[in-house]
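Below is one structure; the comments refer to it alone.
Below, each value reflects all heavy atoms present in this structure, side chains not excepted, and no hydrogens, waters or symmetry copies.
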Amino acid sequence: MKASIITMALSLLAIGLQAQDSTDLWTKAKANPNLGRHKFIELKLHTGGHIYNGEDMASVLEHGYQALEVRMAWMSTGKQVWQRALNYPSYGIGFYTGNIGNSTILGNPSGIYGFFYAPFHRRKRHHFEAGLALGLTYDLNTYNPETNPLNNAISSKLDVYFNASATGVLRLSELFDFVYGVDLTHFSNGRTHTPNLGLNMAGVHAGLRVHYNTIRNIVVQQIDPNYEAPIRPTLLRDPLPKVKHTNELSIYGAFGVVQIDNSSGVDAYYGTASLVLDWNHKYTHVCSFGAGLDGFYDGSLGWGYARQYGKVTSLDKMLMGAHIGHAVHLQRFDLVTQVGTYLWRRDGTKGDWFLRLGIRYNINKYGFVQVGLKTQNGAAADWIEWGGGGRLEL
């Protein structure tokens with residue numbers, strides 16, 4: 001009997017201690033001003049005009065475009081160094097739908113993408129953000145020589161969606177922000193299908209943000225019905241550590257597929273390849289500059305050279321170049337921009353200089369995968385590079 005009483009007493013004591021521990025843990029947890037996950041939903045309307053270099057669709061595009069976007073973002077608090085170095089950015093996923101002109105010719109495109117906002121010029125109730133978004137757009141009516149011959153801008157059902165923006169953010173209350181700004185949107189398939197003049201839309205946007213904290217409902221229902229979760233994060237102002245200047249060597253290989261100009265009457269696809277050797281120097285917590293050498297192979301050059309010169313060798317389809325570049329490091333992701341020129345080639349078919357815009361994901365300390373766009377003759381799409389490589393910190 002005594003043993004049973006002692007056992008019950010110990011059990012009740014253990015339950016009481018466990019309840020006390022849980023209470024202490026919750027007291028400590030709710031003292032954290034950034035408990036939970038701070039997010040916002042953004043609804044934006046766009047309007048503007050087309051930047052079009054052709055002639056066939058000038059009348060189709062003359063009335064501009066209208067679009068709607070819905071974005072969901074995670075907000076950073078400055079817990080990590082790169083977040084403080086970039087002034088507490090936000091990032092997330094979004095959905096786009098728009099009327100870009102005559103729907104019979106162009107369709108009514110929609111898109112899904114990832115985006116990133118980097119704030120600057122922060123004030124108590126107002127700041128600005130530089131934004132980038134990259135994804136895919138679909139529901140386009142494509143070029144067809146018989147049923148849709150006017151559409152020399154889009155020739156594939158699935159295109160790359162790219163958006164760059166500068167946005168002002170005005171705080172209306174703890175819950176709402178008003179957003180406004182200018183942006184540039186681009187649709188292109190990277191010459192995987194032709195014609196491919198692409199669509200470039202420049203305009204203005206305005207909308208609302210609604211802030212929320214995902215932990216609120218969970219806590220109120222299961223732990224503390226009186227808990228008021230902070231809707232916006234408290235930005236951590238810890239000083240940045242000293243920059244660790246490093247040098248890095250990398251090698252990158254990629255492939256692609258292109259189609260020659262449809263005006264040739266030839267419906268054929270060709271392979272492309274890139275080999276890049278790079279040196280980069282990290283000069284801030286999140287930025288590097290560098291330079292490198294490029295080797296290119298474009299199988300589609302053979303068709304044009306055969307008509308122009310008669311005889312074509314594999315060497316004729318190769319080019320060699322050099323570039324300077326810059327990268328922004330976002331945790332495991334790098335935003336790569338490079339500008340280069342050709343050191344050796346058969347002729348000036350591709351112009352004198354090129355750009356490379358890419359996004360890299362670092363799998364580990366030594367390896368990465370990368371997708372990007374290589375241009376020709378300035379900003380005209382040459383091909384999409386799909387590849388990966390290795391890197392070594394010196």
So, do [X] and [Y] have ring centers that fall under 6.0 Å from each other?
X	Y	answer
Phe333	Phe116	no
His46	His205	yes
His193	Tyr269	yes
Phe40	His211	yes
Tyr361	Phe368	no

- Message: If the test is ring pair (Phe, Tyr, Trp, His ring centres under 6.0 Å), which one of Tyr113, Phe95, Tyr138, Phe115 qualifies with Tyr161?
- Response: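 Going through Tyr113, Phe95, Tyr138, Phe115 one by one, the ring pair (Phe, Tyr, Trp, His ring centres under 6.0 Å) with Tyr161 is satisfied by Tyr113 alone.
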- Item | Leu199 and Ile100: CA distance, side-chain angles, deciding distance, side chain to side chain contact (heavy atoms under 4.5 Å, CB included) verdict | CA-CA 9 Å; Leu199 290 173; Ile100 58 175; 3.5 Å; yes
Side-chain touch [X]/[Y], heavy atoms, less than 4.5 angstrom:
X	Y	result
His285	Leu240	yes
Leu357	Val336	no
Leu394	Thr246	no
Lys44	Leu68	no
Asp316	Leu301	no
Asp159	Ile154	yes
Ser90	Ser76	no
Val160	Thr137	no

- Query: Trp82 vs Tyr91 aromatic rings, parallel, tilted or perpendicular, using cut-offs 30° and 60°?
  - Reply: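 Answer is tilted, since the angle falls between 30° and 60°.
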- Task: Determine the interplanar angle of the Phe128 and His126 rings, folded into 0 to 90°, and report it as parallel if under 30°, tilted if 30 to 60°, perpendicular if over 60°.
- Result: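 Perpendicular: the ring planes of Phe128 and His126 meet at over 60°.
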- Query: Would Ser188 and Asn196 satisfy side chain to side chain donor-acceptor pair (under 3.5 Å), going step by step from the backbone distance to the final call?
  - Reply: CA-CA 7 Å; Ser188 175; Asn196 182 47; 3.3 Å; yes
- Item | Greater than 12 external heavy atoms within 6.0 Å of Ile93's CD1 |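 It does not: Ile93 CD1 has 12 such atoms or fewer within range.
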Looking at every non-hydrogen atom in both residues, tell me the closest pair between [X] and [Y] and how far apart they are.
X	Y	result
Val328	Cys287	CG2-SG, 4.4 Å
Arg232	Asp177	NH2-OD1, 2.7 Å
Thr192	Val257	CG2-O, 3.4 Å

- Please report the C-alpha distance between Arg71 and Ile41 in whole Å, then the side-chain angles of each, then the deciding distance to 0.1 Å, and finally whether the side chain to side chain contact (heavy atoms under 4.5 Å, CB included) criterion is met. CA-CA 6 Å; Arg71 297 185 172 190; Ile41 298 291; over 6 Å; no
- Any chance you could lay out the salt bridge (charged side-chain N to carboxylate O under 4.0 Å, His left out) test for Arg209 and Glu129, step after step, and finish with the verdict? CA-CA 14 Å; Arg209 284 182 185 172; Glu129 292 175 340; 2.5 Å; yes
Just by distance, do the side chain of [X] and the backbone of [Y] share a donor-acceptor pair under 3.5 Å?
X	Y	value
Ser165	Thr167	no
Arg345	Met318	no
Asn108	Thr97	no
Thr375	Leu355	yes
Asp298	Thr272	no
Asp334	Ala327	no

- Message: Run the side chain to side chain donor-acceptor pair (under 3.5 Å) test on Glu69 and Asn163 for me, step by step, so that the C-alpha distance in whole Å, both residues' side-chain angles and the decisive distance to 0.1 Å come before the verdict.
- Response: CA-CA 12 Å; Glu69 280 187 293; Asn163 178 269; 5.2 Å; no
- Query: With the threshold set at 4.0 Å, does a side-chain nitrogen-carboxylate oxygen contact exist between Lys365 and Glu248?
  - Reply: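 No.
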- Task: Take Lys79 and Asp238 through the salt bridge (charged side-chain N to carboxylate O under 4.0 Å, His left out) test and state the conclusion after the steps.
- Result: CA-CA 9 Å; Lys79 186 177 181 180; Asp238 297 346; over 6 Å; no
- Might you work through the side chain to side chain contact (heavy atoms under 4.5 Å, CB included) test for Lys39 and Trp74, ending with a clear yes or no? CA-CA 5 Å; Lys39 302 178 183 179; Trp74 289 265; 3.2 Å; yes
Path from [X] to [Y] over hydrophobic side-chain contacts below 4.5 Å:
X	Y	answer
Ile231	Phe176	yes
Phe187	Ile359	no
Phe289	Ile324	no

- Verify side chain to side chain contact (heavy atoms under 4.5 Å, CB included) between Met201 and Ile51, making sure each step is shown before the conclusion. CA-CA 6 Å; Met201 295 161 279; Ile51 304 172; over 6 Å; no
- Please report the C-alpha distance between Tyr88 and His127 in whole Å, then the side-chain angles of each, then the deciding distance to 0.1 Å, and finally whether the side chain to side chain donor-acceptor pair (under 3.5 Å) criterion is met. CA-CA 12 Å; Tyr88 313 94; His127 69 272; over 6 Å; no
- Item | Asp347/Tyr309 under side chain to side chain donor-acceptor pair (under 3.5 Å): CA gap, chis, key distance, verdict | CA-CA 11 Å; Asp347 63 16; Tyr309 302 116; 2.8 Å; yes
- Message: Let's go through Glu385 and Lys374 carefully: what are the C-alpha distance in whole Å and the side-chain angles of both, what is the deciding distance for salt bridge (charged side-chain N to carboxylate O under 4.0 Å, His left out) to 0.1 Å, and is it a yes or a no?
- Response: CA-CA 7 Å; Glu385 296 177 322; Lys374 186 261 179 189; over 6 Å; no
- Dump the intermediate steps for salt bridge (charged side-chain N to carboxylate O under 4.0 Å, His left out) on Arg391 and Glu393, then the final yes or no. CA-CA 7 Å; Arg391 59 197 183 106; Glu393 187 175 299; over 6 Å; no
